[in-house]
Amino acid sequence: MALNDSQTRQVKRYLAGSGAESRMVRGDLLDHICSMVEECMDGGATFEAALAVAAGQLPPRRVKYIERLTLKLMYMETTFKPRTVFWAMLPWLLMLSRFFVLDGVEIPWLSPLVKARFVPLLAMILMFVQGGVGWRRNWPRWTFPVLGMVLWCVYWVTYWIIRSGMHKGNWVALGVCLAIVVGILLLNLSVKPLRSIGRQVWDDPWLALFAISPLLVLVLPGLLPGPGGIAHCLGKTVSAWNLIPSSIVLLSFAWGFYRFLTAPDRRGRVVPLVLSLALITIVPRAWTLFVQPHIG
């Protein structure tokens with residue numbers, strides 16, 4: 001006996017109440033539970049009794065277990081161990097420290113060469129390593145911010161080529177980028193990684209925001225009215241006081257990043273990420289407008 005639309009909606013509500021968040025997993029489980037209910041109804045049971053039997057065989061805890069196991073087998077896990085999260089976060093903390101801390105705070109024992117070259121270079125190396133891991137393992141979600149950086153690099157390389165032409169330096173930069181891309185592609189000569197990106201974003205659209213979140217940290221503070229640029233809101237005045245807003249920015253980013261990769265439910269992932277980006281947007285600009293003039 002096929003279920004009608006009202007009965008199918010009740011099954012969907014049961015799945016939603018069980019905590020299953022993946023569209024793909026919910027779709028598969030919906031077909032499975034509907035088949036179980038129809039089989040019971042064919043034996044003479046009412047819809048309510050058949051749904052209760054199906055719910056007894058697939059209680060919410062088991063539904064969540066099936067979801068976690070399915071996503072893990074497809075490299076689509078939503079939660080990770082703290083050491084994995086720290087490894088994923090490290091290059092972004094280095095890059096953001098370069099703009100928000102090293103530019104705005106005078107550190108006598110740290111040479112300008114280290115600040116301007118070594119820290120960004122180390123961050124970029126770690127990002128490319130993560131990109132290789134992501135391509136090799138079909139882009140687990142902790143590697144998604146690398147995709148945002150790839151888009152950013154493509155934009156800037158294109159911008160500088162258009163602006164300054166193809167002189168020797170740009171040819172070298174383009175050659176290095178192409179060599180790295182070819183090296184990463186050789187790790188996995190298939191379209192599975194690209195399909196994995198599309199499947200994961202379709203399953204959880206908030207992944208797109210997570211992918212570009214490190215870049216938003218650099219862009220958002222410059223969007224509000226007032227003096228300063230993208231990440232130079234703090235760097236225009238070198239002062240030890242800048243450690244206060246810089247620390248708030250870095251801790252906010254780390255908190256949102258960590259929660260997105262460790263929270264067991266979607267609300268616990270998305271709300272901290274959005275709140276952290278809001279703090280990152282407001283704090284540097286508020287500091288330059290209301291605090292910095294009084295301590296400068």
Side-chain angles (χ1 to χ4, degrees), residues 16 19-23 64 68 71 76-101 103-105 123 127 130 140-149 151-152 200-226 228-235 241-292:
E21 298 172 343
S22 169
R23 294 181 182 181
K64 287 294 292 182
R68 287 196 300 269
L71 295 178
M76 294 172 59
E77 304 103 309
T78 57
T79 58
F80 300 89
K81 295 180 180 180
R83 65 170 178 263
T84 302
V85 178
F86 175 76
W87 156 245
M89 194 189 307
L90 181 58
W92 311 109
L93 289 179
L94 288 172
M95 184 66 75
L96 297 177
S97 297
R98 158 70 177 84
F99 288 104
F100 283 98
V101 178
D103 274 356
V105 180
M127 291 174 197
Q130 289 186 7
R141 69 168 51 203
W142 63 266
T143 62
F144 259 64
V146 178
L147 296 173
M149 182 55 68
L151 296 177
W152 182 261
Q200 291 187 73
V201 173
W202 177 84
D203 200 58
D204 185 3
W206 289 103
L207 266 175
L209 178 64
F210 176 66
I212 63 173
S213 59
L215 302 180
L216 291 178
V217 176
L218 299 178
V219 173
L220 289 176
L223 298 181
L224 295 182
I230 294 177
H232 300 291
C233 301
L234 306 177
W241 287 100
N242 285 338
L243 276 175
I244 297 174
S246 298
S247 299
I248 294 175
V249 167
L250 293 180
L251 290 174
S252 298
F253 169 76
W255 173 62
F257 197 102
Y258 181 84
R259 289 294 299 169
F260 193 86
L261 294 178
T262 58
D265 60 275
R266 182 167 296 170
R267 178 178 296 179
R269 294 192 295 270
V270 174
V271 172
L273 180 64
V274 174
L275 288 178
S276 68
L277 293 175
L279 281 173
I280 289 165
T281 303
I282 296 170
V283 168
R285 185 61 69 200
W287 180 266
T288 57
L289 290 176
F290 303 113
V291 180
Q292 214 169 56

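- Between F210 and F144, the distance from one ring center to the other does not fall under 6.0 angstrom.
- Scanning all heavy atoms of the two residues, the minimum distance from L279 to S252 falls at CD1-OG, 3.6 Å.
- Counting heavy atoms from C-beta on, the side chains of P214 and M95 never come closer than 4.5 Å.
- To the nearest 0.5 Å, atoms CD (E77) and CD (Q200) are separated by 8.5 Å.
- At a threshold of 4.5 Å between non-hydrogen side-chain atoms, the residues L209 and L273 count as touching.
- Residues P264 and R68 fail the side-chain proximity criterion, which asks for heavy atoms closer than 4.5 Å.
- Heavy atoms from other residues, nucleotides or ligands lying under 6.0 Å from CH2 of W206 number 12 at most.
- Of all non-hydrogen atoms in G19 and K64, the two that sit nearest each other are O-NZ, 3.2 Å.
- With respect to V217, the side-chain contact (heavy atoms from CB on, under 4.5 Å) criterion is satisfied by exactly one of L96, I212, L250: L96.
- Separating the CG atom in L71 from the OG atom in S22 is a distance of 5.0 Å, to the nearest 0.5 Å.
- Among all heavy-atom pairs drawn from A88 and L261, the shortest one is CB-CD1, 4.4 Å.
- R141 contributes atom CZ, which lies 4.5 Å from atom CG of D204 (distance to the nearest 0.5 angstrom).
- Shown here for M127 and P91, the closest heavy-atom pair between the two residues is CG-CB, 3.8 Å.
- Contact check for I280 versus L216: no side-chain heavy atoms found under the 4.5 Å cut-off.
- In F86, the CZ atom is not crowded: 12 or fewer heavy atoms of neighbouring residues, nucleotides or ligands sit closer than 6.0 Å.
- A distance of 10.0 Å separates CZ of F80 from CZ of F260, quoted to the nearest 0.5 Å.
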(request) Could you please spell out the steps behind the side chain to side chain contact (heavy atoms under 4.5 Å, CB included) verdict for L93 and F253? (result) CA-CA 8 Å; L93 289 179; F253 169 76; 3.9 Å; yes
(message) Please determine whether side chain to side chain contact (heavy atoms under 4.5 Å, CB included) holds for the pair M89 and W142, giving the CA-CA distance in whole Å, both sets of side-chain angles, and the decisive distance to 0.1 Å.
(response) CA-CA 9 Å; M89 194 189 307; W142 63 266; over 6 Å; no
